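One structure is given here, and the rest of the page talks about it.
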Amino acid sequence: MTARLLDGRAVGATVRAGLAETIAAYTENGHRPPGLAVVQVGGDPASSVYVANKRKACAKLGIESFSHDLKDTVSQAELDALVDELNEDPRIDGILVQLPLPEHLSADSIINRIDPDKDVDGFHPTNIGRLAIRQPGLRPCTPFGVMRLLEETGRDLHGMEAVVVGASNIVGRPMALELLLAGATVTVCHRFTEDLAAHVRRADLVVAAAGKPGLVRGEWIKGGAIVIDVGIHRRDDGTLHGDVDFDAAAERAGFITPVPGGVGPMTIAMLMHNTVTSWRRRLGLD
Ligand SMILES: Nc1nc2c(c(=O)[nH]1)N[C@@H](CN(C=O)c1ccc(C(=O)N[C@@H](CCC(=O)O)C(=O)O)cc1)CN2
């Protein structure tokens with residue numbers, strides 16, 4: 001392997017350590033701690049792991065987490081009512097509703113209902129709009145975490161050819177906006193893209209977020225390119241893999257994220273970051 005690893009566990013720990021210091025400094029001066037409401041509907045096993053990790057991260061930093069574990073039979077009206085209550089609760093700076101939701105519930109409708117200033121996932125149309133026009137808001141956690149990891153490369157993104165593979169609302173599209181704002185020339189590939197390999201071959205930076213195991217082949221990677229893998233797939237033997245053929249890509253890339261231990265831990269670190277940002281704004285600490 002020739003590529004340097006971008007270690008999301010280590011960078012995430014650095015981000016969290018900075019947040020812990022900020023929280024301690026303000027709470028020691030008598031301010032209330034930040035509060036995050038964590039809502040899970042049903043018991044999807046992967047979601048349960050992520051939610052448990054979010055709660056653990058809160059506890060370590062001194063963020064108060066408010067758990068709402070709802071049965072998968074909860075109605076849209078009941079979930080709406082809970083979000084309304086959380087929007088009004090002065091102890092709560094951030095609201096996150098773990099996705100995916102059961103099929104009878106509308107994720108769009110719930111995301112739209114969350115107060116944009118408490119939308120620490122950064123999914124609300126207002127926050128996506130703020131990102132698009134470079135206004136201060138809450139940035140979607142996974143793309144935000146990727147931007148933080150890219151700082152570790154020390155490379156200037158201005159003028160870079162960046163290719164984002166995947167155009168989901170929560171990763172691909174906001175990722176493209178982040179890279180555009182950072183000065184890259186951005187191409188977004190999606191299911192109708194005719195020659196994915198040709199796009200990836202000319203990329204200085206590839207962000208793979210298609211949700212298809214091994215979609216991005218190692219031989220497509222340009223020598224020295226930065227490769228960011230957002231995919232997480234569990235094989236029958238329990239091992240985790242991304243959207244990129246890691247071993248072959250690492251032979252050609254300059255930098256690469258592992259799966260696990262790359263982008264995933266950054267998502268949670270940036271969720272904590274957004275919660276602290278919302279808290280500071282709400283308490284007028286900025
Ligand atoms: N409300 C939200 N729902 C979902 C989000 C989100 O950002 N907000 N993103 C994903 C899931 N996700 C966070 O919720 C998430 C996924 C993966 C990881 C992570 O740390 N992965 C580890 C591996 C963990 C494992 O053993 O499975 C890694 O990559 O090292 C964190 C958060 C969908 N839903």
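Counting convention: from 1, in listed order, for ligands and their atoms alike. The residues of the chain are indexed from 1 along the displayed sequence. In this text the structure is predicted, and so the values were computed from the model without any measurement.
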Item checked: Residue pair F246, H241: steps toward the ring pair (Phe, Tyr, Trp, His ring centres under 6.0 Å) verdict -> CA-CA 8 Å; F246 179 88; H241 300 266; 9.8 Å; no
Note to self: Checking contacts here: is it the side chain or the backbone of P265 that comes within 4.0 Å of ligand 1, counting heavy atoms only? Could be both or neither.
What the structure shows: both
Check: Has ligand 1 got any nitrogen or oxygen that is less than 3.5 angstrom from a nitrogen or oxygen of R234?
Finding: yes
Next item on the list: Around atom 17 (C) of ligand 1, find the nearest protein heavy atom and jot down its residue, atom name and distance.
Entry: Y50 CE2, 3.2 Å
Item checked: Heavy-atom protein neighbour under 4.0 angstrom from atom 10 (C) of ligand 1 -> no
Check: Okay, side chain of N127, backbone of L138: is any donor-acceptor separation there less than 3.5 Å?
Finding: yes
Notebook entry, point to check: More than 12 heavy atoms of other residues, nucleotides or ligands under 6.0 Å from CG of D237: is that the case?
Noted result: yes
Note to self: Tell me the protein heavy atom at minimum distance from atom 14 (O) of ligand 1, and give that distance in Å.
What the structure shows: K54 NZ, 2.6 Å
Check: Hey, does the side chain of Q76 reach the backbone of S106 with a donor-acceptor pair shorter than 3.5 angstrom?
Finding: yes
Notebook entry, point to check: So which bit of L96 gets within less than 4.0 Å of ligand 1, heavy atoms only: side chain, backbone, both or neither?
Noted result: side chain
Item checked: Per-atom contacts, ligand 1 versus L240 - under 4.0 Å to a heavy atom -> 23 (C), 25 (C), 26 (O), 27 (O)
Margin query: Using a strict threshold of under 4.0 Å (side-chain N to carboxylate O), is an ion pair present between E178 and R139?
Written below: yes
Notebook entry, point to check: Does any N or O in the side chain of T153 come within less than 3.5 Å of the main-chain N or O of L149, such that one atom is a donor and the other an acceptor?
Noted result: no
Notebook entry, point to check: With a cut-off of 4.0 Å, which atoms of ligand 1 are near a heavy atom of V97?
Noted result: 1 (N)
Margin query: Counting non-hydrogen protein atoms only, what is the nearest one to atom 33 (C) of ligand 1? Give residue, atom name and distance.
Written below: L99 O, 3.8 Å
Checklist line | Candidate list R281, R130, R282, test salt bridge (Lys or Arg N to Asp or Glu O under 4.0 Å), partner D117, passing option | finding: R130
Notebook entry, point to check: Does D69 pair with R55 as a salt bridge, N-O distance under 4.0 Å?
Noted result: yes
Next item on the list: Please check if any side-chain donor atom of D156 sits under 3.5 Å from a side-chain acceptor atom of H158, or the reverse.
Entry: yes
Note to self: Is it the case that the side chains of S47 and Q40 hold a donor-acceptor pair, with the cut-off being a distance below 3.5 Å and no angle test?
What the structure shows: no
Check: Would you say R9 has any N or O atom under 3.5 Å from an N or O of ligand 1, going by distance alone?
Finding: no
Next item on the list: Can you sort out which atoms of ligand 1 are near G261, meaning under 4.0 Å from one of its heavy atoms?
Entry: 28 (C), 29 (O), 30 (O)
Note to self: How far is atom 20 (O) of ligand 1 from the closest protein heavy atom, and which atom is that?
What the structure shows: G264 C, 3.2 Å
Next item on the list: Check ligand 1 against T267 and write out every atom of the ligand that is under 4.0 Å from a heavy-atom position of the residue.
Entry: 7 (O)
Next item on the list: Give yes if a backbone or side-chain nitrogen or oxygen of D121 is under 3.5 Å from a nitrogen or oxygen of ligand 1, and no if not.
Entry: yes
Note to self: I need the contact type for I268 against ligand 1. Using non-hydrogen atoms and a strict under-4.0 Å cut-off, is it side chain, backbone, both or neither?
What the structure shows: side chain
Check: Got the closest protein heavy atom to atom 4 (C) of ligand 1, with its distance?
Finding: Q98 NE2, 3.5 Å
Check: Going by atom types alone, do D243 and H233 pair a side-chain donor with an acceptor below 3.5 Å?
Finding: yes
Item checked: Within-shell test, I232 vs ligand 1, heavy atom, strictly < 4.0 Å -> yes
